[in-house]
Each structure stands twice: as structure tokens, then as C-alpha cells.
Chemist: 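Take this structure first; my questions come after.
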There are 2 protein chains.
Amino acid sequence: MKQVKIPEATIGRLSFYSRFLTKLENDGIETVSSGEIAKGIAGNSAQVRKDFAYFGGFGKRGVGYNVADLNRNIKEILGLNREWKAVIVGMGNLGRALAYYHGFAARGFRIIGLFDNNPSKKGEKINNLEIQDASELENFLEKNPVDIAILTLPGETVQFVVDRVVKKGVKGILNFAPVVVFTEKDVQVRNVDLSVNLEILSYNLNSK
Amino acid sequence: MKQVKIPEATIGRLSFYSRFLTKLENDGIETVSSGEIAKGIAGNSAQVRKDFAYFGGFGKRGVGYNVADLNRNIKEILGLNREWKAVIVGMGNLGRALAYYHGFAARGFRIIGLFDNNPSKKGEKINNLEIQDASELENFLEKNPVDIAILTLPGETVQFVVDRVVKKGVKGILNFAPVVVFTEKDVQVRNVDLSVNLEILSYNLNSK
DNA sequence: ACATGTGAACTGCTTCACAGCG
DNA sequence: CGCTGTGAAGCAGTTCACATGT
């Protein structure tokens, strides 16, 4: 295996593969072929094999892949063999929904702090975590190192909060507001945009 | 202008451009260059021009683009010059958050029905809409034609609901569960996956 | 003079097709 | 024989660089 650049699209698919494999594991299935994986995630078998080949290949020719092994390898590649600590800033409806969302914990992301700048929300409990006032953010991050900040904030306030959490060592940002975030380049930013997807739907529906 | 295939990536960017232009319109700015747009959405000016060129080009050489004109054109391309009617099925935390989300209405997507199969939620009001029992879904869709179904459901139930709404004429699906949806090909499906983005963050943070 | 519009070059990702191996 | 692993081909999207138009 030579060390080449991994397409970001491949990383995204690894995440799908892993969840599909977890389902297979739960069903007690031990072996799976690239074709079956492709069917499970609506992809193409050559692509599945190529994706794995970037990391050296995990299969047996003529047989397929061992489900548990493969899943363990993928999780390790994705960095899911450790726990990632995250905070959510902005406890509006979306922030709350994410605080309750089980999918994160199931994949190793632990939410350890919730913040909002509205004093009337302070102390409210969500999933055994108390909402803290946004002014506590720096203080909290100093005592509790955090890897990722999930920002469910109005667009105007996002950059301000990004600067604050980055200064306290946060290295990953998951931003839900439709604004561009600027940071040092060693900080990873991912944007989730709810409207874009509806607008692509709109375009596709319209041009039929 | 010749009719060529438009990259899906271009459509996604049009959505960003439009929101950036709306901001400029609100600030009373009348003219903008491809370079300024590029800065606003963290892109590249050649790409901005190429994106517009797919649709014939909207600018004046030596000057730039008229903000209001350009935005109107983009919205028309995206199909946002009409109202799209949508329902949300699955009123868990995420479904509720989306029901409250203002961003949809601001872009012409009107939520006209909320459904859940938990009888205890029936009648509860969110944003002036009553949650209806899932058994009412077909009945409602017959009386109220709907373009898009937003599905915030557990993965296991998604396909069942997709089949039901598609049978009643829904042509667009926005699915938030990490499962593959199968439909006739004239139905558009978009998937929003919250965990994938965290896992890509995890990968990128891990490989530093 | 200046910013658009665009062919051409480039880069990156996907699909093909088959050699290699269990 | 079957399914993986992989070079090579093919395709799609991005960036370059400049001719074009105002």
C-alpha cells in the first residue's frame, strides 16, 4: 500500500459502510462481499473495493470481508476507537434536538456541555446535562478539554463563538448556520446546511 | 448558451450565492463582482463565473452583477419563485426543531402538515399546526397535495413511510435517517446525515 | 481599464475490466 | 471458481488564462 491522498468522498462513505456493517454485526452476519455492501448503501462494488484498497484492503479473495474485522478497521481509520468530547452552543430547537440525539453517543461522540446566552434557559436539564450560560464557556473549556464544538446559533453570532472556542483549544467545528466561518487552518470546520438540501430538491423537481 | 449538464455542486452553490445576495440586498448593495461573491461564500471567482455561465451569464463586463437581478435569476433557476408545500413526518426532537425552523419559510418552503404515530402527541400545536396521527397521512395528502415530505423518523420506518407518501404523489423526500431509501426514479431523494459530518471531522482531526 | 465569459488544461473521482489469489 | 485488489480508461468538476465586451 502506498500512501496516497484519500478522497473526502471516500471518508464519507466509510461512515456509511461502518453503520451498515454494525447492522450486519447485530444480525450475526460474519462475512460480506463488496457487492452486498454496495447494495446496502446504494453504491457500486468497484468503489467499495477501491475505498478499502486506499487503506490496504481487508478482504479475502474468493470469500469477501469479515464483517467485525472490517468494521473495526474502518472505525479505527475514522478515529472512532476513541471518545470525542463535544459541546453544543446555542440551545434553540435544533440545539436541543441534537442534545437529545442518540446517534452521536452511539458513534463515540460524547456531549459534555450545553451553552446558551439566554439566562432564562440556564439550569434547564437536557439528558442529564444542565444548560450553562454562554459566559461560562471559556471557564468550562479550560477545565474540560473539548475536541469539537457543535454550533446551532444564529448566523451573526457564529464567528464570535468560533473565535472563542478555538482560542480555548477546540479543533473541530460543526456549524449549522448558513454562514462562512473563518479560522486558523489547523481547525476543521464542517457545515451542515438544512436549506441547501431542500433547494437542490426544489431545483430537481422543477426541472422535470 | 448551449444546454449542457449542470453539475450538482453548482446547484448547491447557487443556494449559497442566493443567500449571500439576499444579505447584500438587505444592505442596499446594488452591484457585486464575482470576486466579492467568491469571498462571501469562501469560493473562487472563476467558479462563480462558470456557475453563472451555465445559465447564460448575468453580468456586465467591466462592471459586475446587479445584485437584485442576479438573485432573482438564481431563485428562478432553483425553483424558488413558487411556494413548495411540505409535510414533516416524525415529530421527535429533530422533527420539532424543523417545524420551528424559520429558514424554510424564508426560502419558500411551507410546512402544511405534521405527523407522528404516537397518539399522545396528537393535537399538540407547533407553530400553529396541529400534530396529526400518522394514520391520517394518506387522507391529508389526498386533500392537500404536497411536493416534499421531510422524514425525521427512525431508520426502520422510513421506507414504509416513503412508499405511502410516494403513492399519494409526493415527488421529493428529505430523509434524515442514515438508511438508503428506494423509490421510483421520478422521485427525488436527498439525505441529510448528521453523524457523517462528525465522523469526517473525527477522521480529519485524527490524521493530524 | 476592468470584470465577465469561456475554451483548454488540469485535477480528482468513479467505473471498467481483468489479473491475482484464496 | 469467485471475489478481491488494482492499473488504466473514462468522466466530472475545478482552475487557469485570456479574449471579449462595455
Side-chain angles (χ1 to χ4, degrees), chain A residues 1-17 20-21 24 29-71 73-74 77 196 200 203-204, chain B residues 1-17 20-21 24 29-71 73-74 77 196 200 203-204:
Chain A
M1 165 207 184
K2 7 180 213 332
Q3 191 39 37
V4 291
K5 209 214 149 268
I6 316 295
E8 170 147 319
T10 292
I11 305 305
R13 282 190 297 270
L14 289 183
S15 174
F16 280 100
Y17 298 149
F20 179 66
L21 292 168
L24 295 186
I29 293 165
E30 286 181 7
T31 306
V32 68
S33 70
S34 59
E36 289 162 323
I37 295 174
K39 224 175 284 171
I41 71 139
N44 153 314
S45 70
Q47 184 161 72
V48 172
R49 292 196 300 278
K50 180 130 281 192
D51 284 340
F52 297 159
Y54 283 116
F55 305 96
F58 306 115
K60 271 200 184 53
R61 290 167 199 242
V63 180
Y65 301 87
N66 176 287
V67 173
D69 271 8
L70 180 57
N71 200 11
N73 276 307
I74 294 178
I77 292 166
V196 165
I200 295 174
Y203 172 83
N204 286 327
Chain B
M1 166 202 182
K2 9 180 210 339
Q3 191 39 38
V4 291
K5 208 211 151 267
I6 316 296
E8 170 148 318
T10 292
I11 305 303
R13 283 190 297 268
L14 288 182
S15 174
F16 281 100
Y17 299 147
F20 179 65
L21 292 167
L24 296 186
I29 293 165
E30 286 182 7
T31 306
V32 68
S33 71
S34 59
E36 290 163 322
I37 295 175
K39 223 174 283 170
I41 71 140
N44 153 315
S45 69
Q47 183 160 75
V48 171
R49 292 196 300 279
K50 180 131 280 191
D51 283 341
F52 297 159
Y54 283 116
F55 305 96
F58 307 115
K60 272 201 183 52
R61 292 172 197 238
V63 180
Y65 302 87
N66 177 288
V67 173
D69 271 9
L70 181 57
N71 200 12
N73 276 308
I74 294 178
I77 292 166
V196 164
I200 295 174
Y203 172 82
N204 286 328

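Letters A, B, ... mirror the listed sequences (proteins, then strands); counts begin at 1. Note that the structure is a prediction, hence the values are computed from the model and not measured.
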Chemist: Excluding sequence neighbours, so at least two apart, what forms side-chain contact (heavy atoms from CB on, under 4.5 Å) with B/N71?
Modeler: B/S18, B/L21, B/T22, B/E25, B/K75
Chemist: Any idea which heavy atoms bring A/Y17 and A/V48 closest together, and the distance?
Modeler: OH-CA, 3.5 Å
Chemist: Which heavy atom in A/T10 sits nearest to a heavy atom in A/Y54, and how many Å separate them?
Modeler: OG1-CE1, 3.6 Å
Chemist: Taking the side chain as every heavy atom from C-beta outward, state whether B/I77 and B/I6 have any atom pair closer than 4.5 Å.
Modeler: no
Chemist: Could you state the CD-P distance from B/E8 to D/dT14, rounded to the nearest angstrom?
Modeler: 11 Å
Chemist: Ignoring backbone atoms, test whether B/Y54 places a side-chain nitrogen or oxygen under 4.0 Å from the OP1 or OP2 oxygen of D/dT14.
Modeler: no
Chemist: Determine the contact category for A/Y65: base if any of its heavy atoms lies under 4.0 Å from a base atom, sugar-phosphate if only primed atoms, P, OP1 or OP2 are that close, otherwise nothing.
Modeler: sugar-phosphate
Chemist: What pairs meet the side-chain hydrogen bond (donor to acceptor under 3.5 Å, both in side chains) rule with one or both residues in residues 29-38 of chain B, with sequence neighbours excluded?
Modeler: B/S33-B/E36, B/S34-B/R49
Chemist: Which residues within residues 9-17 of chain B lie with some heavy atom under 4.0 Å of an atom in DNA chain D?
Modeler: B/A9, B/R13
Chemist: For A/D51 and C/dG12, give me the distance from atom CG to atom P, rounded to whole Å.
Modeler: 17 Å
Chemist: Can you list, in residue-number order, the parts of residues 30-45 of chain A that come under 4.0 Å of DNA chain D, counting heavy atoms only?
Modeler: A/S33, A/S34
Chemist: Could you walk me through whether B/N66 and B/L70 pass side-chain contact (heavy atoms from CB on, under 4.5 Å), step by step?
Modeler: CA-CA 6 Å; B/N66 177 288; B/L70 181 57; 6.0 Å; no
Chemist: Nearest whole angstrom, please: distance from the C1' of C/dC13 to the CD of A/Q47.
Modeler: 8 Å
Chemist: Rounded to whole angstroms, how far apart are CG on B/L70 and P on C/dT4?
Modeler: 11 Å
Chemist: Output one letter per nucleotide in nucleotides 17-22 of chain C: B when a protein non-hydrogen atom lies under 4.0 Å from the base, S when only the sugar-phosphate is that close, - when neither is.
Modeler: B-BBBS
Chemist: Could you name each residue pair satisfying salt bridge (Lys or Arg N to Asp or Glu O under 4.0 Å) that touches residues 50-70 of chain B, not counting sequence neighbours?
Modeler: B/R13-B/D51, B/D69-B/R72
Chemist: Looking at every heavy atom in both A/F20 and A/I37, which two are closest together, and how far apart are they?
Modeler: CE2-CA, 3.8 Å
Chemist: Given side-chain contact (heavy atoms from CB on, under 4.5 Å), test B/I200 with B/Y203 step by step and report yes or no.
Modeler: CA-CA 5 Å; B/I200 295 174; B/Y203 172 82; 5.6 Å; no
Chemist: Output all residues satisfying ring-ring contact (aromatic ring centres under 6.0 Å, His included) with A/Y65, sequence neighbours left out; order by chain, then residue number.
Modeler: A/F52
Chemist: Side-chain contact, heavy-atom cut-off 4.5 Å: A/N73 with A/F55?
Modeler: no
Chemist: Identify the pairs formed between an N or O of the protein and an N or O of nucleotides 8-10 of chain C at a distance under 3.5 Å, and give each distance.
Modeler:
residue : atom : partner : partner atom : Å
C/dA8   : N6   : B/K50   : NZ           : 3.4

